[in-house]
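Being a predicted model, the structure only gives us computed values, none of them experimental. Counting from 1, the numbers follow the sequence of the chain as shown.
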Amino acid sequence: MPLIVNVAHFSATGPRVRNEDFTGCVTPHGADLASKGFAAVVADGVSGAGGGREAAEHCARNVLADYYATPDTWEVSQSLDKIYSALNRWVQMQARASPDLVGMATTLTTLVLRGSMYHFAHVGDTRIYLLRDGTLQRLTTDHVWQRPEMEHVLTRAVGLDTSVTADHGFGLTRAGDVFALVSDGVWAALAAEDFRRELTHAATRKASLEHIARTIVEYAHQLGGKDNATALIVRVEDVDANALRDVVRTASELPALPPMEVGQVVDGFTVLERMHLSRVTVLYRVRDGHGATGENGRELVMKALTRDAHSDAHERLAFAHERWINKRVVARFFAQNVDPPENASASYSLSTFHTGKTLAQQLATDGYFSIPEAITCAVDLLRAVGALHRRSIIHRDIKPENIHLGDDGQLRVLDLGVAASGFEVAELSHATRAGTPSYLAPELFQNVEASLQSDIYAVAVTLYQLLSRKFPYGEIEPFQTPKFGEATPVSRWRPDCPGWFENIISRGLAVDLAQRFETAEEFLLAVEQGPLSAASPRRNILRQPLATRNRLRTWQVLATASIILNFVLAYFLNR
């Protein structure tokens, strides 16, 4: 069963002339409900300044619209942080553009119910309450001055400052939970027990949610509340703990694709070539016969699990996860996903086919890459990796075999089979050493989780190999737990490598994370700046003084020199 909620809201101006509150919610259907969930928001424009209502309405509407436009691979907190920051800049710009809008700001509180979890982001003094098993809990903390005479003066709000920091929280959702999003016009007037009693009516269905929302707001004004009052009530009818899993699991329930020979046809696709076979997957080049072009249809790549791998539930889930990611990386740096027919007879994925070679194939054919070719590859590869990272996807297997240079001149990153994403499926927690050992960052051998910087390390190893056909720390076998000492400078093998490019590659290879590039964009900027990057204060660790690179070796050298000097002095003094 999918997530099922009932929701109602009511808002009233009260004694004031204008209602500066705004509230709303979105309940999507199908895949969007599973991947993004239900979202609700309440905002209270700051009174006493122009544009309070406009700020509240614009921010609330845009949270509900923009949240569903963020990548599915982003965590909820990441999506809401990006949206809150963008809205804060917008409100600030409006306030600067018009003297009548100086001080324009709004509180903003968002609740997302996704899968079996609730998430919230919050700034200001609007609140979220949770009633569970008769117990009322306030989930948010008011951002106001902690003084009796200033308890309604905000310390945080959207538009109040040049930047905004939202509080985030999350927890498990249960069937029967009742959430209430309210403005200060409600909670400041109602006693906690009165509020709990009305929400209990919602939980026990003694009254409709519409009636309860109206009763809460009207009661707040009857008790003397003079502010705008808004209440949005959400009752959780059913929770699908497997909602996110099902997005990938349903795609893994088809039978295995049997071994195919050239000329065979499956679901209208004719096999032209078996391109690759491994222990886990098999790749075919196929022709699509579904269009009007018939046997002259486009060529695609069909990827499927081998029969042995398909019998492993984890491999099926991981394969479906890869298909899920492929649909979400729409950029020129990747082969594009093509949906199989709805009545597909077996489990497989389809993607666009591009003529050309992988970088590994080019190395095997041509021997080495020239310096300009390596720099061009570095720029394109870092742009591709940056595109993944902006979607919160860590590739975890960057290497020449997984990088394709098409005859059209476009570099494309292949194989997202072990990629990690923000997708919350417990069974997809990959081992920290997923990938190819010689390209794994040093920290991964210490059971540290893969990060953006581990992808950056793999990019640096790839560039090193394009120039030298060697590994900076030597080749690493799957059974090894290596110790990383000093990397061999790439100029040892390629004296024609410019010093600035060697410095940049070496920084990408740094064992110390503090020395390594933090993001693909930072790495890319260094490459694009070229020789100017050599002036960077964070120099290549391989060109640092010995005393910085290896303190033990430094003291050993000094001690040896000291002993020799003492012997020499003793000899001359005793003559």
Side-chain angles (χ1 to χ4, degrees), residues 331-335 354-390 395 397-415 436 438-439 452-453 455-473 475 487-510 515-543:
R332 61 189 177 93
F333 304 109
F334 312 96
H354 303 275
T355 57
K357 296 179 180 178
T358 66
L359 299 190
Q361 289 170 332
Q362 283 198 244
L363 274 175
T365 302
D366 303 329
Y368 299 93
F369 278 64
S370 68
I371 301 301
E373 287 173 338
I375 293 172
T376 300
C377 284
V379 170
D380 289 345
L381 178 55
L382 287 166
R383 286 174 178 166
V385 171
L388 286 176
H389 289 178
R390 286 191 294 276
H395 189 282
D397 201 16
I398 297 290
K399 59 182 180 180
E401 289 84 350
N402 287 337
I403 303 164
H404 185 272
L405 189 57
D407 290 341
D408 57 357
Q410 179 62 56
L411 181 143
R412 296 178 177 86
V413 174
L414 310 176
D415 195 358
T436 305
S438 295
Y439 298 87
L452 305 185
Q453 285 184 286
D455 268 0
I456 287 168
Y457 176 88
V459 170
V461 175
T462 297
L463 297 177
Y464 188 101
Q465 196 173 41
L466 296 186
L467 293 171
S468 67
R469 298 187 66 177
K470 298 183 183 296
F471 295 104
Y473 296 97
E475 189 168 3
T488 304
V490 71
S491 58
R492 171 84 58 86
W493 320 109
R494 289 293 296 271
D496 60 330
C497 181
W500 64 266
F501 195 38
E502 181 182 25
N503 286 348
I504 290 169
I505 293 174
S506 297
R507 186 173 165 192
L509 294 171
Q515 293 285 341
R516 197 183 305 162
F517 292 108
E518 293 183 5
T519 65
E521 285 76 13
E522 184 186 10
F523 198 160
L524 174 62
L525 182 62
V527 175
E528 290 181 329
Q529 286 180 339
L532 297 177
S533 64
S536 172
R538 297 177 73 180
R539 297 300 303 277
N540 170 22
I541 60 169
L542 301 178
R543 293 181 177 268

- Message: Determine whether Y439 and I398 satisfy the following criterion, side chain to side chain contact (heavy atoms under 4.5 Å, CB included), listing intermediate values before the conclusion.
- Response: CA-CA 7 Å; Y439 298 87; I398 297 290; over 6 Å; no

- Show your working on side chain to side chain contact (heavy atoms under 4.5 Å, CB included) between W493 and R469 and close with a plain yes or no. CA-CA 9 Å; W493 320 109; R469 298 187 66 177; over 6 Å; no

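Looking at every heavy atom in both residues, V413 comes nearest to F334 through O-CD2, 3.6 Å. Between T488 and Y464 the shortest heavy-atom distance is O-OH, 2.6 Å. The minimum heavy-atom distance linking T355 with H404 is given by the pair O-CE1, 3.5 Å. In terms of heavy-atom proximity, A374 sits nearest to L467 at CB-CD2, 3.6 Å. In plain terms, the two heavy atoms of C377 and F369 that are nearest each other are SG-CE2, 3.9 Å.
Y368 contributes atom OH, which lies 12.5 Å from atom CG of L466 (distance to the nearest 0.5 angstrom). The structure places CG of D366 at 5.5 Å from NZ of K357, a figure rounded to the nearest 0.5 Å. Note that CD1 of I375 is 7.5 Å distant from SG of C497, once rounded to the nearest 0.5 Å. A distance of 9.5 Å separates OG1 in T519 from CG in L382, rounded to the nearest 0.5 Å.
With R516 contributing its side chain and Q453 its backbone, the two residues share a donor-acceptor pair below 3.5 Å. With H395 contributing its side chain and L414 its backbone, the two residues share a donor-acceptor pair below 3.5 Å. Here the side chain of N402 pairs a donor or acceptor atom with the backbone of D397 at under 3.5 angstrom. Looking only at distances, a side-chain donor or acceptor of E502 sits under 3.5 Å from a matching main-chain atom of S491.
Among residues at least two apart or in separate chains, side-chain hydrogen bond (donor to acceptor under 3.5 Å, both in side chains) pairs with a member in residues 371-381 are S370-E373. Among residues at least two apart or in separate chains, salt bridge (charged side-chain N to carboxylate O under 4.0 Å, His left out) pairs with a member in residues 402-412 are D408-R412.
Side-chain contact between P400 and T358 is absent, with no heavy-atom pair separated by less than 4.5 Å.
A search for salt bridge (charged side-chain N to carboxylate O under 4.0 Å, His left out) contacts involving R390 returns E521, not counting sequence neighbours.
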